[in-house]
Every structure is written in structure tokens, then in C-alpha cells.
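Scroll down for the structure; my scribbles are underneath it.
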Protein chains: 2
Amino acid sequence: MLSLTEENYLKAIYHLSDGGSKAVLTNELAEAMSTKAASVTDMIKKLSAKEVITYEKYYGVNVTIKGKSEALIVIRKHRLWETFLVEKLGFAWDEVHDVAEQLEHINSPRLIEKLDEFLGYPKVDPHGDPIPDNKGKIKLQPQVPVDQLQVGFQGKIAAVKDSDSNLLKYLDKIGAKPGVKIKVLGKEEYDESMEILIEDHRVFISKEVSQNILVVG
Amino acid sequence: MLSLTEENYLKAIYHLSDGGSKAVLTNELAEAMSTKAASVTDMIKKLSAKEVITYEKYYGVNVTIKGKSEALIVIRKHRLWETFLVEKLGFAWDEVHDVAEQLEHINSPRLIEKLDEFLGYPKVDPHGDPIPDNKGKIKLQPQVPVDQLQVGFQGKIAAVKDSDSNLLKYLDKIGAKPGVKIKVLGKEEYDESMEILIEDHRVFISKEVSQNILVVG
DNA sequence: GTATATTTTTAGATTAGCCTAAAAAATAAT
DNA sequence: ATTATTTTTTAGGCTAATCTAAAAATATAC
Ligand SMILES: [Mn+2]
Ligand SMILES: [Mn+2]
Ligand SMILES: [Mn+2]
Ligand SMILES: [Mn+2]
């Protein structure tokens, strides 16, 4: 059993480690959790005692198999709730993240199964992020941010980064949402801004924005 | 701003005081919160500093106007969530209370307004309890428990006590739910058990059960 | 009206999660 | 290979919410 705070640390570790593929350092975790390094050291001792991470002093932490599946259960809840808020309650996609941050900690497996059923077993959340199954498994397809694409590339938007509400409002305005066709028309070397085609209309986006739109090849 | 724990204490005080109409003693609150009297004394000092209750040493606490409306906001959330779980997710009425105890602490006024709208602005929850409005106002109609009724009484079930899951399963079996017609056919003096008519079929109920069914005159 | 019993409050500890400041280890620079 | 810088850990303290044991106030009994 993890506390609410422990769940949030574990989730941050999972994300910072890119799904468990690399170690996470004390300072980056402190930054992500808006807390101090000393507090992080305290917490990673607890999480390591609960065997959801392994901890090597001075060299950072890694998620265990158990930790990965527990993190994914929380992420599953987060994304199902976001889907509920948008699909059923009529929230805009930029309004749901903060509420989902609270709802993801509600502890009731039955509730989540019923919610999943009610939503028709969605595969992705409103931002295009995949929803893990009830065993804590996720199928991640490799996603590339638009800023790394070559001119001429054609594909579909797979997902967008979901934590900044203002970014989401802007993406909504230019029609950049999951499932939509995208083509790279040009790239300005000076500031790495890009000209892209979204569905049928041309837009210019800054590097900042291009990093937050993800496509699948 | 009240913490989750403070909200739970305030809600218990509100219920034990019959909606603010009488003082609540330290020991009964300790009993209701499954905690010790010493912990209660600590907490009522905090709640009284936040002006949601008034506290007279050794003589118990009373809810303030402010406290009453804050308690009713939590109760509103609890009852809306219970309604959602039954009406939309297909939970049985005996399965919803514990989950609602968690969900009632989610802090998002917009979420609750949207949920209320989604549910079609229900007036009562699945157990017949009235749902307070978004200003923290409730209209309580005087409800009488069945054990206090005279033989020959006829009326409708208004509500049932909702915290014991096994009781609710039993009530469901005998058809005792809000809105259903009820008539008192007889009462046994020895153990105060009763014979009643629910809709159209006759059942015998113990005093225990009769105390948990509420009718409106 | 004093003595006894009950209820409530205070005193002193404990745990989770956080902090600042100081010490220790690892990394980078000369 | 020392010295300097950066990162991380330890030490010690704080608050919220809990506990046990002792003291104080109130209620009950004779
Ligand atoms: Mn989110
Ligand atoms: Mn999302
Ligand atoms: Mn309930
Ligand atoms: Mn109820």
C-alpha cells in the first residue's frame, strides 16, 4: 500500500525514467516534485523499503517491475478519469489534468473497472496517451516530437503533452489533436520554428510548440 | 480551507448534532470517528480556530453557520457521487458509501457542477437522502423511523440509513427502498418487532431494522 | 455536602512529510 | 594529483494527526 504522496513520487520516477529505462537522479526528482533534495532522499528510502524502486546511494533510483506496474495503475486511473471528464462531463482537454491528479488516488479497483466499461474501454486519453490495462501493462508505440522531423514528413498526430493548460488551448486553436494528419512543410534554421500542415491548413509553430506535439511514423 | 481529516470531523459533528440543532460531546465524536477523546480535543481546537464550530470546554461543540454550509458542501459531493455510482456505473446501493467517502474530498467546484448537470440535478441520493444545493442549503423534511409508528400507519418510505452494507442488502431483498408504499400491520410488544406491508407484500422486521427505515408522514 | 465515578483536557511521544544547514561523496578543473 | 565545484546525504527541527497516561473538571452517589 502506497500513500498518496508515495504514489506521486513513484509516478514522477516512472515518467522521468522514460517508463523505467533509465535511472533518475535526486535533483531532477526534487525539481519535478517541487520539493528539496533532502526530502527526496527521505522518500526514496521509503519507496525502496517498499521495493517499488532500487536505490544506489549517490547514483539515483530505478523502478522495479513491481513499481512499474503500480505506477501504471495510477497512470491508468489518471487517464481514464481524464477521458471521463472530457467525454461524459464536457470538460475541455486543457481543464482535466489537475482534477485527474486528485482522482487518480481514489482507491477502488471496482470503480475503475466500472468506469472503464462505462467509457467503452478507451485505448487512449484525450491527449492521445495510451491507457494501461488493469494488470498495469501498456503498449507504447514509439513517438517522435515534431521538432525532430525532416521537412517533407507526413503522418498523424499521436499525442500532445498534457500538463500545460495554455499550450493545450493553443493546440486546440490550431487543430493539433490526436488522429489528425500532419505534414512538415519547412523549417527555419535560425530559431527552429516550423511551417506545418495540420489536416488542411498551414500554420507556423515555434520550437517550443513543436516539441510538444508527438507523431507516430 | 479544511484538510481531509478536518472535513471528516466536521461532517461527523454536523450529523451527530442533527444538522446543527444540538451540542456534540467529545466522547460521542471519538466514538463516531473511531479515535480517542484526546485526539478529538486536539481537533476541535483547530476547527474552532477556523470558526466552523464553537467550543465550550467540557461542554461540547456546536456547528457555526459557516461550518454548517461547509459540512453540507461535503455532504452534497458525497450524495452526488453515490448517485453517479448507482445511476451511471451500475453499482448496487450497498456498494457506494465507502467509495463516496473518498470521492467527497475531491476539490473542484466545476467538477461537482458538471456532475450535477450530468445526473440531471437529482434531488435525493440512492438511499433517499436529500442532496444539498451548491450554496450549501438543504431542505429537510421531518422523517420518522418506522419503529416509532403506530399500528395502522400508512405512508411512503422516504429514506434508509446508508452506512451498513449488510443492512442495505437486506432492505433491497424485502423491497424497502425510497418511494415505496408502507403500512404498519402490527407490533409485537415483547421484542418490538413489527409486521409491515411493503408495496404489496407482508414482511416481519426486527426493531433493529425498523429503526433504519424512515418515512414521511 | 463531601466522596466517588465519569468525562474531558493536558502532557509528552510517535509517524509522515517537509524544511534548513552542515557534512560527505562524486565530479570537474587546474 | 590536489583543489574546487556540484550533488547528495545526514542531522536536527517543524507541523498535522494520532496515541497513552496523568491531571483536572464535571456529574453522580451517598
Ligand atoms: Mn494528465
Ligand atoms: Mn492526459
Ligand atoms: Mn453514504
Ligand atoms: Mn447515501
Side-chain angles (χ1 to χ4, degrees), chain A residues 1-17 22-63 67 70-71 74 98 101-102 104-107, chain B residues 1-17 22-63 67 70-71 74 98 101-102 104-107:
Chain A
M1 271 298 74
L2 298 182
S3 73
L4 185 149
T5 310
E6 289 169 338
E7 282 188 350
N8 282 334
Y9 270 91
L10 181 59
K11 193 162 56 101
I13 293 167
Y14 176 86
H15 285 310
L16 289 171
S17 68
K22 65 180 192 205
V24 176
L25 302 178
T26 302
N27 267 351
E28 48 175 340
L29 193 44
E31 165 77 22
M33 298 297 298
S34 305
T35 185
K36 298 300 158 69
S39 307
V40 169
T41 303
D42 281 349
M43 182 53 79
I44 63 189
K45 283 175 184 167
K46 281 182 217 162
L47 290 176
S48 137
K50 294 193 176 183
E51 297 181 321
V52 291
I53 60 175
T54 55
Y55 169 41
E56 203 183 340
K57 250 184 173 181
Y58 294 99
Y59 291 92
V61 300
N62 281 92
V63 196
E70 294 206 25
V74 179
D98 292 348
E101 283 292 311
Q102 295 182 62
E104 70 188 8
H105 302 290
I106 300 293
N107 175 27
Chain B
M1 274 298 76
L2 299 182
S3 72
L4 185 150
T5 310
E6 288 169 339
E7 281 188 352
N8 282 334
Y9 270 92
L10 180 59
K11 194 162 57 99
I13 293 167
Y14 176 85
H15 284 311
L16 289 171
S17 69
K22 66 180 189 204
V24 176
L25 302 178
T26 302
N27 268 350
E28 49 175 341
L29 193 44
E31 164 77 23
M33 298 297 297
S34 305
T35 185
K36 297 300 157 69
S39 308
V40 169
T41 303
D42 281 348
M43 182 54 78
I44 63 189
K45 283 174 183 168
K46 282 183 217 161
L47 290 176
S48 136
K50 294 192 176 182
E51 297 181 320
V52 291
I53 61 174
T54 55
Y55 168 41
E56 205 183 340
K57 250 184 173 181
Y58 294 99
Y59 291 93
V61 300
N62 281 92
V63 196
E70 294 205 26
V74 179
D98 291 348
E101 283 292 311
Q102 296 182 60
E104 70 187 7
H105 302 290
I106 301 293
N107 176 25

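By convention in this document, chain letters (A, B, ...) are assigned in the order of the sequence lines, proteins followed by strands, and residues within each chain are numbered from 1. Side chains are part of it too, since the values below use all heavy atoms of this structure and drop only hydrogens, waters and symmetry mates.
In 5' to 3' order, the nucleotides of DNA chain D bounding all contacts with chain B (an atom under 4.0 Å from a heavy atom) are D:dA16 to D:dA27.
The residue B:Thr26 sits close only to the backbone: its heavy atoms come under 4.0 Å of sugar-phosphate atoms, none of a base.
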Quick one, B:Leu16 with B:Leu25, criterion side chain to side chain contact (heavy atoms under 4.5 Å, CB included). Give me CA distance, side-chain angles, the key distance, then yes/no.
CA-CA 9 Å; B:Leu16 289 171; B:Leu25 302 178; over 6 Å; no
Could you go through the side chain to side chain contact (heavy atoms under 4.5 Å, CB included) check for A:Val61 and A:Ile13 one step at a time?
CA-CA 8 Å; A:Val61 300; A:Ile13 293 167; 4.0 Å; yes
Distance-only donor-acceptor hits, side chain of residues 34-54 of chain A, under 3.5 Å, sequence neighbours excluded:
{"from": "A:Thr41", "atom 1": "OG1", "to": "A:Ala37", "atom 2": "O", "distance (Å)": "3.2"}
{"from": "A:Lys50", "atom 1": "NZ", "to": "A:Met1", "atom 2": "O", "distance (Å)": "3.0"}
{"from": "A:Lys50", "atom 1": "NZ", "to": "A:Glu6", "atom 2": "OE1", "distance (Å)": "3.0"}
{"from": "A:Lys50", "atom 1": "NZ", "to": "A:Glu6", "atom 2": "OE2", "distance (Å)": "3.3"}

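Applying the side-chain hydrogen bond (donor to acceptor under 3.5 Å, both in side chains) criterion to A:Asn62, with sequence neighbours excluded, gives no partner residue. Contacts of B:Glu104 classified as side-chain hydrogen bond (donor to acceptor under 3.5 Å, both in side chains), with partners at least two apart in sequence or in another chain: B:Lys11, B:His78. With sequence neighbours left out, the side chain to side chain contact (heavy atoms under 4.5 Å, CB included) criterion links B:Ala12 to B:Leu29, B:Met33.
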What pattern of brackets, bars and dots sums up DNA chain D from 5' to 3', given Watson-Crick or G-U wobble pairs under 3.5 Å, [ ] for crossing pairs and | for another strand?
||||||||||||||||||||||||||||||
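Sorted by first then second residue, the salt bridge (Lys or Arg N to Asp or Glu O under 4.0 Å) pairs that include residues 22-33 of chain B, not counting sequence neighbours, are B:Asp18-B:Lys22.
Considering every non-hydrogen atom in both A:Leu10 and A:Ala71, the closest pair reads CD2-N, 3.9 Å.
Note that CG of A:Asn8 is 10.5 Å distant from CG of A:Leu2, once rounded to the nearest 0.5 Å. With rounding to the nearest 0.5 angstrom, the NZ atom of A:Lys57 is 11.5 Å from the OG1 atom of A:Thr26.
Contacts of residues 50-63 of chain A with DNA chain D (heavy atom under 4.0 Å): A:Tyr55, A:Lys57, A:Tyr58.
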Tabulated below should be each protein N or O lying under 3.5 Å from an N or O of nucleotides 15-18 of chain C; please produce it.
{"from": "C:dG17", "atom 1": "OP1", "to": "A:Ser3", "atom 2": "OG", "distance (Å)": "2.6"}
{"from": "C:dG17", "atom 1": "OP2", "to": "A:Lys46", "atom 2": "NZ", "distance (Å)": "3.0"}
{"from": "C:dC18", "atom 1": "OP2", "to": "A:Tyr9", "atom 2": "OH", "distance (Å)": "3.3"}
{"from": "C:dC18", "atom 1": "N4", "to": "A:Asp42", "atom 2": "OD2", "distance (Å)": "3.1"}

